[in-house]
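So you know, we letter chains A, B, ... as the sequences are listed, proteins then strands, and number each from 1.
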Amino acid sequence: MGRANDEAAAALEEYADLFAMTGGDAFRVRSYQKAAKAIAGFPEDISGGDVRRVAGVGEAIAKKVEEFLLRGSFRQLDDLRAQVPEGVRAMTRIASLGPKKAVFLFHELGIDSPDALAEAIHQGRLTGVRGFGAKTEENLLKGIEQMRTSGERVHLGVAMGLAERVIASLPAEKIAYAGSLRRMKDTIGDIDILAVGPVSLMETFKEQPYVAEVIASGAHKTSVRTTVGLQVDLRVVPAASWGAAMQYFTGSKEHNVRLREMCVKRGWKLSEYGLFEGDRVIAAETEEEIYAALGMPWVPPPLREDGGEVEAALRGTLPEPVTLADIKGDLHTHTDLTDGIAPLEQMLDAAAARGYAYYAVTDHAPDLVMQRMTLDKALEQRGRLRGLQASYPGMRLLHGTELNIGPDGSVDWPLEVLEGFDVRVASVHSHFTQPRDEMTRRLIAACENPGVQIIGHPTTRKIGKRPPVDADWEAVFAAAGRTCTVMEIDAYPDRADLPSDLIRLARHHGVKFSIDSDAHAVPHLGNLRYGVGLAQRAWLTGEDVVNTWPLDRLLAFFGRA
DNA sequence: GCCGTTTTCGGCCCGACTGTTTTCAGTCG
């Protein structure tokens, strides 16, 4: 939160929910939802210009947003808030309870919160109520309990680990994950697995040790809640419609709606079974065939958010997103000299095995007192690194540091010391709750420090644990663009920092990026793929990412040459 | 409410599963 765009988007989403609950037209509901999403993803601050420039925002929504920007709400939202208590909206977050039932329960029985619903069920007040049998009551209680305990989304690393475990456990002819995981979203609500295989696959799935509860099971789909709380859906699909199923279940929903609209206009039908004209199959076996039939190249999953990718694909101007193979080096890593767990040589060996052309060791600097770093230790490490260079002929070893951005924006060492390091990352590690204006000044001061090249994990968020710091990101990114300060995309999956919406905003200001692992151990080097996913979601190309560049170009840029 | 090689009106994606309303509505993705 903090950006006007996000706040306005949240207000429109709330309005869409309330509008739906009060019997509003479903197509209008969708208009509000689409506008909210478009505003949240718009690279410019909507408070600085005409919100009508945002696709999906017409006259009526623009008026609501303008009123919201003036006074933090708008009349129609106030009216609906007066009709529907906050707790009733919260009830729709209970699994299996949607807007219709929530509003029914409120009007007929006065139930106005998840807690009140649980109490009403225990008191037997739902017994005999039309549409609410014993099974429904049981499911609602379960849903309330689950919302109280493990209702949160998990970060990409947790979801990917579980998905890979599920895939390894099932003897299928063909099996893959789809959904938001394949689109590399930074948080995942559930996992979709598609498989080609015998019907017995479902039984095998249900018996796996990671299954805590079978939620639903049919011939085509089985849903389970796993022991880590995350839901996994397994769908068995015909081999002939593999591509259609992958396309369909990868989503996003909004991307698929766009494709279907195109199909309808041609008299075609696109479903998880294929692209059809009447009974004739136009394409079904591969995603490439389906996209080709619609006149566009295959769209990489992280771009499938209806954020302009369909139009770009049709025009042939789809960007070629940065890939893991483009990455030539890692510019933010640690060793056991500070809080890493692996010795220098192990980290270097692992980096060399990944085929990097360069690799920066960036242990912490003295101001992070608990790391017990000193300039002597850093210089000793530099000497070791220089000595080891001959053992890594294909990989240039860079000696770096991860500085601490103090509350006033200053860093650990003076410029003459900093200039001795090849790579200087500077990050916030404390005073996370500074007021917005102080935090903004702090980050801008770091950007303006000629000794700082990269701002590490800029928002410092930890998914599920720590919110992002509050700063005026427009101002910070403008300063970064002006000073050629690189913004890091920290690939560590619980950080995922910058998030992709802020990457887009930063790019808008001409900022370059560095996708780094922030590895504290050898396996962490592999987290880089998550950072690449974030970058792809923000439409970054290799040109935007400095650690896809050859070393001489990188160093010249760091010299602000 | 938005939008336009169906352009100022008329359409806006599609299917599976569940529970319960004996023919379907609600929810979900």
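Note on A:A178: nothing from the nucleic acid sits closer than 4.0 angstrom, heavy atoms only. The residue A:K253 sits close to a base: some heavy atom pair falls under 4.0 Å. Among the heavy atoms of the strands, none lies under 4.0 Å from A:S223. Using a 4.0 Å heavy-atom cutoff across all strands shown, A:K64 reaches sugar-phosphate atoms only and no base atom. Within the 4.0 angstrom heavy-atom criterion, only backbone atoms of the sugar-phosphate kind lie near A:G58; the bases stay farther away. Residue contacts shown for A:I215 are absent, as no nucleic acid heavy atom lies under 4.0 Å away. Among the heavy atoms of the strands lying under 4.0 Å from A:V264 are primed sugar atoms or P, OP1, OP2 only; no base atom is included. Counting any heavy atom pair closer than 4.0 Å across all strands shown, A:K34 reaches no nucleic acid atom. A:F249 comes within 4.0 angstrom of no nucleic acid atom, judged by non-hydrogen atoms across all strands. Nucleic acid contact for A:L97: sugar-phosphate only, since backbone atoms but no base atoms lie under 4.0 Å from a heavy atom of the residue.
Taking the ring centre of A:Y492 as origin, the terminal cationic atom of A:K462 falls outside the region bounded by 6.0 Å and 45° from the ring axis.
For the OP1/OP2 pair of B:dC12 and a distance below 4.0 Å, the side-chain nitrogens and oxygens of A:R258 include no atom meeting the criterion. Within the 4.0 Å cut-off from OP1 or OP2 of B:dA25, not a single side-chain nitrogen or oxygen of A:K101 is found.
To the nearest whole angstrom, the two C1' atoms, one in B:dT18 and one in B:dT22, are 16 Å apart.
A tilted orientation is assigned to the rings of A:H255 and A:Y291, their planes being inclined by 30° to 60°. Below 30°, between 30° and 60°, or above 60°: for A:F132 and A:F104 the angle between ring planes is below 30°, a parallel geometry.
Contacts of residues 281-303 of chain A with DNA chain B (heavy atom under 4.0 Å): none.
Listed nucleotides B:dG29, B:dG1, B:dA16 differ in distance to A:Y248; the shortest reach to its side chain belongs to B:dG29. Nearest to the side-chain atoms of A:S271 among the listed nucleotides B:dC14, B:dT27, B:dA16 stands B:dC14. Picking from B:dG15, B:dG29, B:dC2 the nucleotide with the shortest atom distance to the side chain of A:D190 gives B:dG29. In the set B:dC17, B:dC12, B:dC14, B:dC12 carries the atom at the smallest distance from any side-chain atom of A:F27.
In this structure, A:Y273 has its ring center at least 6.0 angstrom away from the ring center of A:Y248.
Paired with A:I515 under the rule side-chain contact (heavy atoms from CB on, under 4.5 Å), one option of A:D490, A:D544, A:L528, A:L324 passes, and it is A:L528.
When every heavy atom of A:I144 is checked against every heavy atom of A:P114, the shortest pair comes out as CD1-O, 3.6 Å. The shortest non-hydrogen separation linking A:V322 to A:Q536 is O-NE2, 2.9 Å.
With a cut-off of 3.5 Å on both pairing distances, B:dT8 has no Watson-Crick or G-U wobble partner at all.
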